[in-house]
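Report on the following structure.
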Amino acid sequence: MTYTLTTPLYYVNDRAHLGSTYTTLACDSIARFRRLQGERVTFITGCDEHGLKIQRSAEASGLTPQAHCDAISGEYSDLWRRWGISNDRFIRTTDPRHRAIVEQFFARVEASGDVIEGRQQGWYCVACEEFKEEAPAAKEPHCSIHLRPLEWRDELNLFFRLSRYQEQIERLVASDDFIAPRSRRREVENFVAGGLRDFSISRLDLPWGIPVPGYDGHTFYVWFDALLGYLSALLGPDDPADLDLLAERGWPAQLHVIGKDILRFHAVYWPAMLLSAGLPLPEKVFGHGFLTREGQKMGKSLGNVLDPDVLLERCGADAVRWYLLRDIPFGDDGDFQQQRFTDLVNNDLANTIGNLLNRTSSMARRWFDGAVPPAGDAAAADHPLALRALACAEAVDAALEALDFRSAAVAILELAEAANGFLNDRAPWKAIKSEDGRPGVAADLYAVLETSRWVALLLAPLLPDLSGRMLGQLAQPELVGDTGWTAARHWGKLACGHPLPEPTPVLQRLELDPPL
RNA sequence: GGCUCGGUAGCUCAGCUGGUUAGAGCGUGGGAUUCAUAACCCCAAGGUCGGGAGUUCAAGUCUCCCCCGAGCCA
């Protein structure tokens, strides 16, 4: 049993923006969490590379479509590498095996009697790659999303008989776990209740796409092709392109994480396509919110786009991950505010968590020969901090299970705060001044060092880099895959007498001057 | 126009099936401390819970109307 999760396959029309980075970071944390828990994970991301919009973008920059796709999808995979994203697969829909999968899938859908020919007339938005419901007589209609003129189309297309799946989709969409967060469910339910209409799955005379077998001049509609990327992505490097293999490779997916704008494709069209092809359905579709910046939509025209490259370069992955995952309820829209960003990173990460380790390690080294002090009764499982750590670990597990990054982050922060408070109460810097205070100081410092170790462990899914640096400062081994996490989560694992390296700040405070 | 989701301290948000003086974090002000990344710890001020009407012994929490924001469908 593997846990399969996906980001959307990003459309290579343009470079990656903060939104796609956000989705990908969130998925990365889920993937890491599952792996740490000992599950086998297949974390899929990739690029969607067909369609008229891409063909035109390529033309505009004087490239062949393939060259354009190679360039942009190269940028994506490079960006994810630099962010430390732990994806297992990176699928491109121009991959030859993907084409084979699409052909097989189509053959199944056709065999189910779900492909019919029909005439598609209407106003088309190239940016959405979608037909709009404008009246045929409309004069110069514009797409309300892209504010661009719509193009009139009148073509003979192939249609997928979505209408046959009305009842099954109604039931699916109403079920408790399928659409998340819950607040997004009603909208989809209403859409389905309005009656599902067949939708076209092919285009005529659009060279940049996968040809439809048996229908000269037809290529697959980008959405049809793109969604199938989740299937082809599961093929291992040496696997043949074979739909029948997918059950062993992790299909169905446990989770599709997407932006709320493409919820309908994933929660309605996609399941129907899968039903038609006789494949099992994904367990959950999570539509997260959008990010604004200082209260405004980000956009090229406003010139306020936050470039993930710049953000990574200037602030580092830990800071950005913490801010996005800790401050924005996953699912809701969020606003990126620079002041709040630096406040949270500096307070939570540098001051509360980083400084906790720094101050404790420094005391231990100074007074106990550069090593972890003897634990005394601090090794007992009922030490107040041990109880706190255990409760925190349970809270983190539950929160991440529920995709509630925020609660997980806050729980960890509270553990660090408890340890800081403990130090202030016990004031080892006073107690050390008398010789008979020494064993107590040793025990207290041990308890806090051990708590720091737990903080580092629990941080691993959210902030893998910071977690690793903290463990390094405690001279702990790196967390390895499956069982490492569970094994490390025992109070008292920190070995007494273990030498401690010289403490250096695990996270620099952010000083954003000039502003982003 | 129909529908969905929001509108709670300066900011970001918690407030379950209605029930003691509406909570947290950040920011602000004050205190304590010196082990530490001018870090940590403690305390305080700050809200007529978007507006109005209603139901109720009792409403941020239910009903209706209106206003504002985001979105879905026309």
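Small disclaimer: the values here were computed from a predicted structure and weren't measured. Reminder, nothing fancy here: chain letters follow the sequence lines and each chain counts from 1. Every heavy atom of this structure was used, including side-chain atoms; hydrogens, water molecules and symmetry mates were not.
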Original post:
Would you call A:Lys260-A:Asp333 a salt bridge at under 4.0 Å N-O?
Top reply: yes
Original post:
What distance do A:Leu162 atom CG and A:Phe199 atom CZ have between them, rounded to the nearest 0.5 Å?
Top reply: 6.0 Å
Original post:
Tell me: CG of A:Asp332 to C1' of B:U4, nearest whole Å?
Top reply: 14 Å
Original post:
Can you find a side chain N or O atom of A:Asn351 that sits less than 4.0 Å from OP1 or OP2 on B:C40?
Top reply: yes
Subject >> B:G15 versus B:G30 - spacing of their P atoms, nearest Å >> reply: 34 Å
Subject >> A:Asn420 side chain, from C-beta outward: closest of B:C3, B:C41, B:U37 >> reply: B:C41
**OP:** Ignoring hydrogens and angles, answer whether the base of B:G27 and the side-chain atoms of A:Gln339 contain a donor-acceptor pair closer than 3.5 Å.
**Re:** no
Original post:
Taking the same atom, P, in B:U37 and in B:G60, what whole-Å distance lies between them?
Top reply: 49 Å
Original post:
Mind checking the C1' distance from B:G50 to B:U33? Whole angstroms is fine.
Top reply: 44 Å
Subject >> Basic-acidic side-chain contact under 4.0 Å: A:Asp465, A:Arg321 >> reply: no
Subject >> Residue mapping more 5' on RNA chain B - nearest nucleotide basis, A:Asn346 or A:Asp327 >> reply: A:Asp327
**OP:** For B:A36, take OP1 and OP2 only and decide whether either is under 4.0 Å from a side-chain N or O of A:Arg366.
**Re:** yes
**OP:** Any chance you could encode RNA chain B as dot-bracket? Rule is Watson-Crick or G-U wobble with both distances under 3.5 Å; [ ] for pairs crossing earlier ones, | for another strand.
**Re:** (((((((..((((.....[...)))).((((.........)))).....(((((..]....)))))))))))).
**OP:** Ignoring the backbone of A:Lys430, work out which of B:U34, B:A36, B:C11 is nearest its side chain.
**Re:** B:U34
Original post:
Per the atom types in the model, does the base of B:A36 pair as donor or acceptor with the side chain of A:Asn355 at under 3.5 Å?
Top reply: yes
Original post:
Within the pair A:Arg406 and B:C13, is there a side-chain N or O less than 4.0 Å away from OP1 or OP2?
Top reply: no
Original post:
Given the C1' atoms of B:G46 and B:A22, what is the spacing between them in whole Å?
Top reply: 13 Å
**OP:** For ring-ring contact (aromatic ring centres under 6.0 Å, His included), just list the numbers for A:His288 and A:Tyr22, CA-CA rounded to whole Å, side-chain angles, deciding distance to a tenth of an Å, and then say yes or no.
**Re:** CA-CA 9 Å; A:His288 68 71; A:Tyr22 176 50; 5.2 Å; yes
Subject >> base_contact_polar (B:C26 base, A:Asn347 side chain, donor-acceptor, <3.5 Å) >> reply: no
**OP:** Classify the nucleic acid contact of A:Gly354 as base, sugar-phosphate or nothing, counting any heavy atom under 4.0 Å across all strands shown.
**Re:** base
Subject >> Atom P, compared across B:C65 and B:G2: separation rounded to whole Å >> reply: 11 Å
Subject >> Closest heavy-atom pair and its distance - A:Gly259, A:Phe290 >> reply: CA-CE2, 4.4 Å
Original post:
Looking only at atom P, what distance separates B:C49 and B:A44, rounded to whole Å?
Top reply: 23 Å
**OP:** Sticking with atom C1', work out how far B:U12 lies from B:A38, rounded to a whole angstrom.
**Re:** 26 Å
Original post:
Can you tell me how far C1' in B:C62 sits from the matching atom in B:U56, rounded to whole Å?
Top reply: 10 Å
Original post:
Where the side chain of A:Glu187 is defined as all heavy atoms beyond and including C-beta, which of B:U4, B:U34, B:U37 is the nearest nucleotide?
Top reply: B:U4
Original post:
Could A:Asp307 and A:Arg314 be called an ion pair, given the rule that one side-chain N must be under 4.0 Å from one carboxylate O?
Top reply: no
**OP:** Measure from the side-chain heavy atoms of A:Arg359 and tell me the nearest of B:C40, B:U37, B:U34.
**Re:** B:C40
Subject >> Closest-nucleotide ordering on RNA chain B, the 5'-leading residue of A:Asn424 and A:Val506 >> reply: A:Val506
**OP:** Take the protein atom CD of A:Gln337 and the nucleotide atom P of B:G27, then report the distance between them rounded to whole Å.
**Re:** 14 Å
Original post:
What's the base orientation of B:G30: syn (chi within 90° of 0) or anti?
Top reply: anti
Subject >> A:Asn157 and A:Tyr221: side chain donor to acceptor below 3.5 Å >> reply: no
Original post:
Are A:Phe286 and A:Phe330 near enough that their ring centres are under 6.0 Å apart?
Top reply: yes
Subject >> Side chain of A:Asp343 - closest among B:C72, B:C35, B:C26 >> reply: B:C26
